[in-house]
Amino acid sequence: MTFHGKPGTSPLQLRWRRTIGLALVTIAGLAVFALVVPLFAGPLNALRFAGFPLGYYMAAQGSLIAFLALTVWFIRRQERLDRDAGVAEPEPLDAGDELR
């Protein structure tokens, strides 16, 4: 584990600062897809996607796909932060491994 922080900052404080930053970025992305995209539904309805007006499609499916993608991105980034800080959960056993 390497520590690249300001003098007087512990690795735990750095990890929490990065975790809070990651959470804020994720929440901002969720807010964009939940609040901003529906505001543009009217102009987007002029375009069609899979036979549906694009504004309708974004409200019904596109935002949900974006939420899922943001969640997966958040989980992977958080796992990397935890691994770098040395506080990651242990890897699960493979199906072929037996407990002894």
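The chain is numbered in sequence order, starting from 1.
- I27 and I65 sit in two unconnected hydrophobic clusters of ILVMFWY residues. Membership requires side-chain heavy atoms under 4.5 Å apart, directly or through other members.
- A heavy-atom distance below 4.5 Å is found between the side chains of W73 and L22.
- Taking each heavy atom of R15 and A85 in turn, the nearest pair found is CD-CB, 3.4 Å.
- Separating the CG atom in L12 from the CZ atom in R17 is a distance of 11.0 Å, to the nearest 0.5 Å.
- Between L44 and L54, the shortest heavy-atom contact is O-CB, 3.2 Å.
- In this structure, the separation between CZ on F67 and OG1 on T26 is 12.5 Å, given to the nearest 0.5 Å.
- Summarising the geometry of N45 relative to P53, their closest heavy-atom pair is OD1-CB, 3.2 Å, with the distance given to 0.1 Å.
- The structure places CD1 of I75 at 10.0 Å from CD of Q78, a figure rounded to the nearest 0.5 Å.
- By the 6.0 Å contact criterion, CZ on F74 is enclosed, its count of non-hydrogen atoms from other residues, nucleotides or ligands being greater than 12.
- Between G29 and L70, the shortest heavy-atom distance links the atoms C-CD1, 3.5 Å.
- Using a 4.5 Å cut-off between side-chain heavy atoms of Ile, Leu, Val, Met, Phe, Trp and Tyr, with links allowed through other members, V36 and L64 fall into the same hydrophobic cluster.
- When atom types are taken as modelled, the side chain of S63 and the backbone of F33 share a donor-acceptor pair closer than 3.5 angstrom.
- Taking the six-membered ring where tryptophan is involved, the planes of Y57 and F49 are tilted, since the angle between them lies from 30° to 60°.
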